[in-house]
2 protein chains.
Amino acid sequence: MRDFYTITELTKEFGISTRTIRFYEDEGLIKPVRRGRTRLFRPVDRGLLKLILRGKRLGFSIAEIREIIEMYKAPPGEAGQMRLLIQKVNERREELYQKRRDIEETLNELDNAEEACLARMAELGVGK
Amino acid sequence: MRDFYTITELTKEFGISTRTIRFYEDEGLIKPVRRGRTRLFRPVDRGLLKLILRGKRLGFSIAEIREIIEMYKAPPGEAGQMRLLIQKVNERREELYQKRRDIEETLNELDNAEEACLARMAELGVGK
DNA sequence: GCTACAATTGACTTTTACGTAAATAAAATA
DNA sequence: TATTTTATTTACGTAAAAGTCAATTGTAGC
């Protein structure tokens with residue numbers, strides 16, 4: 001695995017702009033190291049970027065994504081905090097279950113829409 | 001099934017504001033009928049509202065949700081349009097598959113986070 | 001017909017998530 | 001060394017999706 005990635009390498013890999021990446025840094029989601037002023041992204045930063053974009057695709061806000069990231073790097077802590085963390089994990093899980101149900105329902109509706117389409121095309125006497 | 005719902009009934013059922021519902025009407029996503037100036041929401045409007053909120057939870061924009069709605073009520077049309085529609089359906093499906101994968105991955109990470117938590121709690125010598 | 005209250009409309013504000021542009025510096029290349 | 005190229009910082013701009021507020025307008029009950 002490579003030691004460092006440049007910002008442009010990451011923009012190309014993930015199809016986002018430098019502005020976006022710097023914005024995520026401003027938001028404290030990633031903390032690339034510096035050589036002079038230039039940012040150097042470690043594998044861990046790249047991993048976080050992946051996580052952020054996954055979160056975005058799922059419709060999570062920056063604030064929510066920040067919370068998720070905090071969750072992952074939380075342990076070592078005290079027992080009460082751990083319990084709280086586990087509670088948060090469970091809340092996220094419920095959200096994701098909900099989203100998964102939403103997806104299944106939407107997929108079903110898409111199936112129906114497509115069927116209606118195909119039926120209509122058959123009516124119109126279209127071969128294939 | 002009831003004939004009509006009032007706007008406040010729907011805000012309560014779905015936990016959204018009247019402003020939001022009117023906003024969706026302005027955006028042309030729902031078209032409640034009127035008695036005087038007062039909006040009366042039919043079951044179909046309520047169904048659309050459900051669909052809209054599901055779309056929102058999945059991170060779709062209003063524009064995308066509008067497209068999805070258009071898709072559902074598209075047929076009767078001409079064959080070329082039908083093909084285009086089917087193509088769109090397939091694109092949506094791919095998006096949803098991607099989201100589903102994203103969810104599975106995130107769920108896995110949550111499992112890991114929870115395990116780490118539990119392990120840490122065991123270390124701390126916490127019973128149950 | 002008056003009062004109280006719910007609903008509507010329109011204008012303005014806010015928040016989020018970046019885009020865009022200008023100025024500057026550092027690095028790579030000719 | 002001159003010239004691109006690449007990156008950074010700072011600052012302002014913007015589109016989407018509502019929230020908020022004020023001024024009206026209906027309307028249900030008495």
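What you see below is based on every heavy atom in this structure, not just the backbone, and it leaves out hydrogens, waters and symmetry mates. So that the names make sense, note that chain A is the first sequence line, chain B the second, and so on, each numbered from 1.
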Run B:N108 and B:E104 through side chain to side chain donor-acceptor pair (under 3.5 Å) and show every step you take.
CA-CA 6 Å; B:N108 277 334; B:E104 299 309 327; over 6 Å; no
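Residues A:R19 and A:R39 both approach DNA chain D. Their nearest nucleotides, taken by heavy-atom distance, put A:R39 toward the 5′ side. Toward the 5' end of DNA chain C, the nearer of the two residues A:R35 and A:Y24, judged by each one's closest nucleotide, is A:Y24.
Electrostatic pairing of A:E91 and A:K88 does not count as a salt bridge here, judged by no charged N lying under 4.0 Å from a carboxylate O. A salt bridge links B:R54 with A:E109; the closest basic N to acidic carboxylate O contact falls under 4.0 Å.
Within 4.0 Å (heavy atoms only), A:T18 reaches no atom of the nucleic acid at all. A:T8 comes within contact range of the sugar-phosphate backbone alone, with a heavy-atom separation under 4.0 Å but no base atom that close.
One interatomic measurement links the two molecules: CZ of A:F60 to P of C:dA17, which rounds to 13 Å at whole-angstrom precision. C:dA27 atom P lies 11 Å from atom CG of A:L40, rounded to whole Å. Following rounding to the nearest Å, A:I7 (CD1) and C:dA27 (C1') show an atom-to-atom distance of 16 Å. Regarding A:F23, its CZ atom lies at a distance of 14 Å from the C1' atom of D:dA15, rounded to whole Å. In this structure, B:I16 places its CD1 atom 9 Å from P of D:dA18, rounding to the nearest Å. If you measure from atom CD of A:E27 to atom P of C:dT16, you get 9 Å, rounded to the nearest angstrom. To the nearest angstrom, P of D:dT10 lies 10 Å from CG of A:D26. When the C1' atom of C:dA17 is taken as reference, atom CD1 of A:I62 falls 7 Å away, rounded to whole Å.
One finds a side-chain N or O of B:K56 lying less than 4.0 angstrom from the OP1 or OP2 phosphate oxygen of D:dA18. OP1 or OP2 of D:dT9 sits under 4.0 Å from a side-chain N or O of A:R34. The side chain of A:R22 places an N or O atom within less than 4.0 Å of a non-bridging phosphate oxygen (OP1 or OP2) of D:dT8. Phosphate proximity of C:dA26 to A:T38: absent, as no side-chain N or O sits under 4.0 Å from OP1 or OP2.
Distance check, rounded to the nearest 0.5 Å: OG1 of A:T18 to CZ of A:F23 gives 13.5 Å.
B:Q98 and B:D102 are linked by a side-chain donor-acceptor pair at a separation below 3.5 angstrom, with hydrogens and angles left out of the test.
Considering only the side chain of A:S17, C:dG19 comes nearest among C:dG19, D:dG19, D:dT9.
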